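Whatever order the structure lists them in is the order used to number ligands and atoms, beginning at 1. Scope of the values below: all heavy atoms of this structure, side chains included, with no hydrogens, waters or symmetry mates. Note that the coordinates shown come from a computational prediction; the quantities given were computed from them, not determined experimentally.
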Amino acid sequence: MNAAEVDAAILVGGKGTRLRPLTLSAPKPMLPTAGLPFLTHLLSRIADAGVKHVVLGTSYKAEVFEKEFGDGSALGLDIEYVFEEQPRGTGGGIANVASKLRYDTALIFNGDVLSGCDLNALLSSHEERQADVSLHLVRVGDPRAFGCVPTDSDGGVTAFLEKTQDPPTDQINAGCYVFNRDVIDRIPTGREVSVEREVFPGLLSDGLKVCGYVDATYWRDMGTPEDFVRGSADLVRGIAPSPALKGHRGEQLVHDGASIGPGALIIGGSVVGRGAEIGPGVRLDGAVIFDGAHVEAGAVIERSIIGFGARIGPRALIRDGVIGDGANIGARCELLRGARVWPGVTIPDVGIRYSTDV
Ligand code: GTP
């Protein structure tokens with residue numbers, strides 16, 4: 001199948017609640033990841049595969065996508081946008097792009113997945129098996145947190161299972177599908193529809209041919225702070241593939257206009273954004289520092305995200321935390337284990353501690 005005669009549609013309309021407060025100011029697919037809007041990594045992979053026409057299915061903070069990507073020509077793509085006034089869910093989002101599709105086959109993507117799946121191999125598998133729909137499936141160590149997708153010996157999907165404590169397979173839905181155009185037209189319109197819970201099970205019960213394509217490439221859903229931090233570090237280290245990074249590989253990625261004080265240690269795939277200031281003796285390990293943030297002398301930031309323009313005071317410790325845009329964390333504060341600080345909030349010096357040795 002010629003990828004230039006396949007549409008790509010990307011669902012980017014979700015509110016990204018699990019990544020709040022970062023997603024209060026930007027939709028999840030636009031959060032800076034290894035220095036680029038997350039979606040740039042996915043779009044560059046789509047362009048690399050030879051696909052030309054892309055439709056973005058927007059809803060939440062829709063306007064920022066067109067502002068960033070325009071007509072797509074900078075990426076060698078032809079990008080169009082559709083808008084859902086009311087978010088229609090992952091299935092409704094697919095139905096909503098239908099009017100813009102040009103070809104008989106569409107690749108559909110969740111806009112928050114970092115993956116190395118070979119899109120041309122996925123398309124070939126779809127064509128060879130004469131499937132109505134094909135799903136990219138990945139094997140994960142602990143499938144209990146995901147919907148499972150068992151397949152038969154020919155790769156035919158036999159069921160779509162909700163999260164269960166006793167999963168019969170380690171194969172999960174990887175959030176990337178090939179749909180024949182006529183199948184998209186079967187999705188109900190005008191109401192919220194889940195592709196995972198409603199559309200896929202319905203296709204099986206209607207006897208359509210739904211196939212799984214399993215591979216062992218890199219895969220991560222970036223929906224939680226923990227996964228966002230890990231995915232970002234994997235991009236920096238070259239473990240996660242992205243044609244947009246042009247082969248960057250290293251322990252750190254420090255952007256133009258950032259300043260780094262003497263004795264600062266930046267490791268673990270950390271990213272320092274444009275104009276950020278990292279003070280003397282700071283330790284960043286797997287940290288994601290957005291543009292314009294300040295991290296003052298001796299602070300330690302591990303596996304955490306520091307929002308745009310936030311300030312982290314001297315000798316503060318942030319571990320597995322998310323600090324909102326413009327928040328101000330006082331000296332020697334300790335924020336650990338999933339702490340989230342909302343944008344603009346100030347925590348005074350020594351305001352929160354997990355230990356008493358101040
Ligand atoms: P959470 O609120 O944290 O679950 O995030 P989310 O809203 O992004 O939901 P989820 O991770 O399940 O969404 C997977 C992908 O589908 C993401 O790229 C979303 O942007 C997208 N998406 C989710 N809901 C909708 C919707 O109603 N319409 C459109 N167009 N896209 C959606």
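Each of D215, N173, D118 was compared with H136 under the side chain to side chain donor-acceptor pair (under 3.5 Å) criterion, and only D215 meets it.
Close approach to P87 involves these atoms of ligand 1, each under 4.0 Å from a residue heavy atom: 27 (O).
Scanning the protein for heavy atoms near atom 9 (O) of ligand 1, the closest one is K28 NZ, 4.3 Å. Given atom 22 (N) of ligand 1, the protein heavy atom at minimum distance is G14 N, 3.4 Å. With hydrogens left out, the protein atom closest to atom 11 (O) of ligand 1 is R18 NH2, 2.9 Å, a heavy atom.
In terms of polar-atom proximity, defined here as any N/O pair under 3.5 Å, G223 makes no such contact with ligand 1. At least one N/O-N/O distance between T17 and ligand 1 falls below 3.5 Å.
Across L56, L11, N96, heavy-atom proximity to atom 17 (C) of ligand 1 is greatest for L11. When the heavy atoms of G89, A95, G16 are ranked by distance to atom 26 (C) of ligand 1, first place goes to G89. Considering each of P29, G13, S59, P27, the one bringing a non-hydrogen atom nearest atom 31 (N) of ligand 1 is G13.
In summary, D320 and R303 engage in a salt bridge, as defined by a charged side-chain N under 4.0 Å from a carboxylate O.
Ring centroids of F200 and Y177 are separated by less than 6.0 Å, placing the two rings close together.
F65 and I46 fall within a single hydrophobic cluster, where Ile, Leu, Val, Met, Phe, Trp and Tyr are joined by side-chain heavy atoms under 4.5 Å apart, directly or via other members.
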